[in-house]
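What follows is a short report on a single structure.
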Amino acid sequence: MKLLLDTHLLLWAAESFDRLPFAAQTLMSAADNELFFSVASLWKIAIKRGLGRQDFKVDARVRRRCLLDNGY
């Protein structure tokens, strides 16, 4: 099955996979599922970082590279 992950899931999956609901963990871990992300999620991450919030240090370029390297 092809799964398009929203921004929230992308952030949690990379930072703390165990915070995800069990159903999401199961679907994302299944070998026969393909995981996808939207460029819109990277755009949202870039906007959030651009706001200068001290609690949000995610770099959209780095996150994109990590996602691609992990088969998304």
task: With side chain to side chain contact (heavy atoms under 4.5 Å, CB included) as the test, would you mind laying out the steps for R63 and L11 before giving the verdict?
output: CA-CA 9 Å; R63 182 55 44 97; L11 291 171; 3.5 Å; yes
message: In this structure, would Y72 and I45 fall into the same cluster of hydrophobic residues linked by side-chain contacts under 4.5 Å?
response: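 Each belongs to a different hydrophobic cluster.
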query: Going only through I, L, V, M, F, W and Y residues with side-chain contacts under 4.5 Å, is there a path from L42 to W12?
result: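 Both belong to a single hydrophobic cluster.
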- request: Taking the side chain as every heavy atom from C-beta outward, state whether M28 and F17 have any pair of such atoms under 4.5 Å apart.
  value: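 In contact.
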query: Are D59 and R49 side-chain neighbours, meaning at least one heavy-atom pair lies under 4.5 Å?
result: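 Result yes, sub-4.5 Å side-chain heavy-atom pair found.
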message: Surrounding CZ of F22 (heavy atoms of other residues, nucleotides or ligands, distance under 6.0 Å), is the total greater than 12?
response: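 At most 12 heavy atoms, drawn from other residues, nucleotides or ligands, come within 6.0 Å of this atom.
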Please report the interatomic distance [atom1]([X]) to [atom2]([Y]), rounded to the nearest 0.5 Å.
X   : Y   : atom1 : atom2 : result
L9  : F37 : CG    : CZ    : 14.0 Å
L20 : E15 : CG    : CD    : 11.5 Å
E34 : M1  : CD    : CE    : 11.0 Å
L5  : L35 : CG    : CG    : 5.5 Å

- prompt: What closest approach, in Å, do S41 and L10 show between heavy atoms, and which atom pair accounts for it?
  reply: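 Minimum heavy-atom contact is CB-CD1, 3.6 Å.
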